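Working notes, beginning with the structure itself.
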There are 2 protein chains.
Amino acid sequence: MSKKRDTIVETADRLFYREGFAATGIDRVVEAAEVALGTLYKHFQGRSALVVGALDHREATYFARLEEAAAGLEGPPRVLSLFDGLLAWAEAEGGNGCLFLRAAAAHPLDAEIRTRVRQHKARYLALCRRRLREAGWEATAARRLAPQIFLLLEGAVAAAAQLGDKMAVSQARRMAAELLQREPAPGNPRQ
Amino acid sequence: MSKKRDTIVETADRLFYREGFAATGIDRVVEAAEVALGTLYKHFQGRSALVVGALDHREATYFARLEEAAAGLEGPPRVLSLFDGLLAWAEAEGGNGCLFLRAAAAHPLDAEIRTRVRQHKARYLALCRRRLREAGWEATAARRLAPQIFLLLEGAVAAAAQLGDKMAVSQARRMAAELLQREPAPGNPRQ
DNA sequence: GGAAAAATAGAACGATCGTTCTATTTTGTC
DNA sequence: GACAAAATAGAACGATCGTTCTATTTTTCC
């Protein structure tokens, strides 16, 4: 819609993630986005709205990346591509943990932000379930397996956060592969 | 050593965890600890030193709790008690994620704090390895299994953080139990 | 019991930061 | 080319917060 708005949102997303919420103020975003302070306040009510905008941007781009990673895949690899998408993201932007959880930690009393965090995690879990179904698992099995896949994803993000340890992602992927192999989908009895 | 110092550290730990680093300033700690501002600055050089003090306190109390949970246990349960300790902690203090990771996120450029975070995670991983060895696994097996247990622990903490979802901890515990059962320790061939 | 040390209350400072405002310049459109 | 809308630079404000300082009171210890 607005080119300026997009620039601001992308810059805010990048800065918030790379340098943290505490370290990047409005001025910092304005400077990096090469935009005037007034322009930012024309598009966003205030800092809170800017953070929400950055989270929405991250939500869209991250899930888009996960769709790319799954393109053309079927069976268990379609589920495991969730880890490939995570790895690609960690390599591209450096594993600094989950932007949503960090936003919630940095703005503890902001209801709007907390809502986005919950939404993000709910959608992430729902995506795990959907992928399992697409890969051939029954609804009941998908409902049981999805939280386990989700837990491995969360563990990978958290473990990768502390030392840029990308190994944690492949570790989690291997564990997920074993998990899926142990109870194969009726639709894909052979891996 | 100093009673006042202990009170300050305990209060800071509790407030930082319950209300977040951004929301609890020096004044807030002083008020809750029922201590004068000058007393705090007599014991700590500044905010950064206070945060480090709180992290050290958390480190000590958390690992002590893990020791308690493992007392008297042998074999796989000795490893799984890591999850019991985590659950007890989550129920007592409410799962708000890992204090160390939150501290690092809130003070991105503080070298001292980043060091404590790395130390904490390294010790946690080392504890996983030690427990596996105590439970009868060989050194090579322990080195391979420890990161997997650690990943499940991190995943449980992160997943529990978003909705007070204590189920994530028991979920992770079940996954760890299966993991250990799949390749039993020579010293404890029967579970 | 009296001296030294610690603790207290509270004011004051300086810096940071989110936000608003104004005056000027640029951009887009008929 | 003119006019309206958007963008710009930059000053200014108010609030928060970490930190320092002073004067007074309490505690500790010989």
Side-chain angles (χ1 to χ4, degrees), chain A residues 1-56 102-114 116, chain B residues 1-56 102-114 116:
Chain A
M1 202 61 68
S2 167
K3 195 165 178 5
K4 290 282 177 188
R5 208 197 110 103
D6 292 349
T7 305
I8 295 170
V9 159
E10 286 164 15
T11 306
D13 181 354
R14 179 162 37 87
L15 259 57
F16 283 148
Y17 190 68
R18 292 230 265 253
E19 308 185 7
F21 286 92
T24 87
I26 298 284
D27 293 12
R28 196 90 184 63
V29 174
V30 163
E31 181 193 354
E34 295 178 332
V35 172
L37 186 58
T39 307
L40 189 148
Y41 274 94
K42 184 146 297 185
H43 289 291
F44 301 94
Q45 276 192 326
R47 177 177 231 268
S48 177
L50 178 63
V51 172
V52 169
L55 292 183
D56 287 345
R102 288 170 67 191
H107 305 91
L109 21 78
D110 195 307
E112 194 84 18
I113 292 175
R114 292 194 84 84
R116 303 297 164 125
Chain B
M1 204 63 66
S2 168
K3 196 164 176 7
K4 291 281 177 189
R5 210 197 108 103
D6 292 349
T7 306
I8 294 170
V9 158
E10 286 163 15
T11 307
D13 181 354
R14 179 162 36 87
L15 259 56
F16 283 147
Y17 191 69
R18 291 230 265 252
E19 308 185 9
F21 287 91
T24 87
I26 298 285
D27 292 13
R28 196 89 184 63
V29 174
V30 162
E31 180 193 354
E34 294 178 333
V35 172
L37 186 58
T39 308
L40 189 148
Y41 275 94
K42 183 146 298 184
H43 288 292
F44 301 94
Q45 275 193 325
R47 177 177 230 267
S48 176
L50 178 63
V51 172
V52 169
L55 291 183
D56 286 346
R102 287 170 67 191
H107 304 90
L109 23 76
D110 195 306
E112 193 85 18
I113 292 174
R114 290 195 84 84
R116 301 299 162 126

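Below, chain A is the first sequence line, B the second, and so on; all start at residue 1. Please read all numbers here as calculations on a predicted model, not as lab measurements.
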Checklist line | Options D/dT19, C/dT8, C/dT20, nucleotide nearest the side-chain atoms of B/Thr39 | finding: C/dT8
Notebook entry, point to check: Looking only at atom types and distance, does a side-chain atom of B/Arg102 sit under 3.5 Å from a main-chain N or O of B/Tyr17, one as donor and one as acceptor?
Noted result: yes
Next item on the list: Can you figure out which of D/dT8, C/dG10, C/dG18 approaches the side chain of A/Arg47 most closely?
Entry: C/dG18
Notebook entry, point to check: Checking A/Arg114 side chain against A/Leu109 main chain: does a donor-acceptor pair fall under 3.5 Å?
Noted result: no
Item checked: SB check A/Glu10 A/Arg14 (cutoff 4.0 Å) -> no
Note to self: Whole angstroms only, please: what is the CZ-P distance between A/Phe44 and C/dC17?
What the structure shows: 20 Å
Notebook entry, point to check: Roughly, in whole Å, what's the span from CG in B/Leu37 to P in D/dA23?
Noted result: 17 Å
Notebook entry, point to check: Roughly how many Å is it from CD1 in B/Ile8 to C1' in D/dG18, rounded to a whole number?
Noted result: 15 Å
Check: D/dG10 P sits how many Å from A/Glu31 CD, rounded?
Finding: 12 Å
Notebook entry, point to check: Nearest nucleotide by nearest heavy atom, which residue falls closer to the 5' end of DNA chain C, A/Gly38 or A/Gly25?
Noted result: A/Gly25
Notebook entry, point to check: Honestly, is A/Arg28 close enough over A/Phe16, meaning NZ or CZ under 6.0 Å from the six-membered ring centre and within 45° of the axis?
Noted result: no
Margin query: What is the distance, to the nearest angstrom, from the CZ atom on A/Arg5 to the C1' atom on D/dA7?
Written below: 17 Å
Notebook entry, point to check: Which of the following nucleotides, C/dA11, C/dA7, D/dA7, is nearest to the side chain of B/His43?
Noted result: C/dA7
Checklist line | Atom pair distance, as rounded to whole Å: CG in B/Leu40 and C1' in C/dA6 | finding: 14 Å
Checklist line | OP1 or OP2 of D/dT8 under 4.0 Å from side-chain N/O of A/Lys42 | finding: no
Checklist line | Value in whole Å for how far the P atom of C/dA12 lies from CD1 of B/Ile26 | finding: 21 Å
Notebook entry, point to check: Which nucleotide in the list D/dT20, D/dT8, C/dT19 gets nearest to the side chain of B/Tyr41?
Noted result: D/dT20
Next item on the list: Compare side-chain N and O positions of A/Lys4 against OP1 and OP2 of D/dT8 and report whether any pair is under 4.0 Å apart.
Entry: yes
Next item on the list: Rounded to the nearest angstrom, tell me the gap between atom CG in A/Asp27 and atom P in D/dA11.
Entry: 13 Å
Check: Does any non-hydrogen side-chain atom of A/Phe44 lie less than 4.5 Å from one of A/Val52?
Finding: no
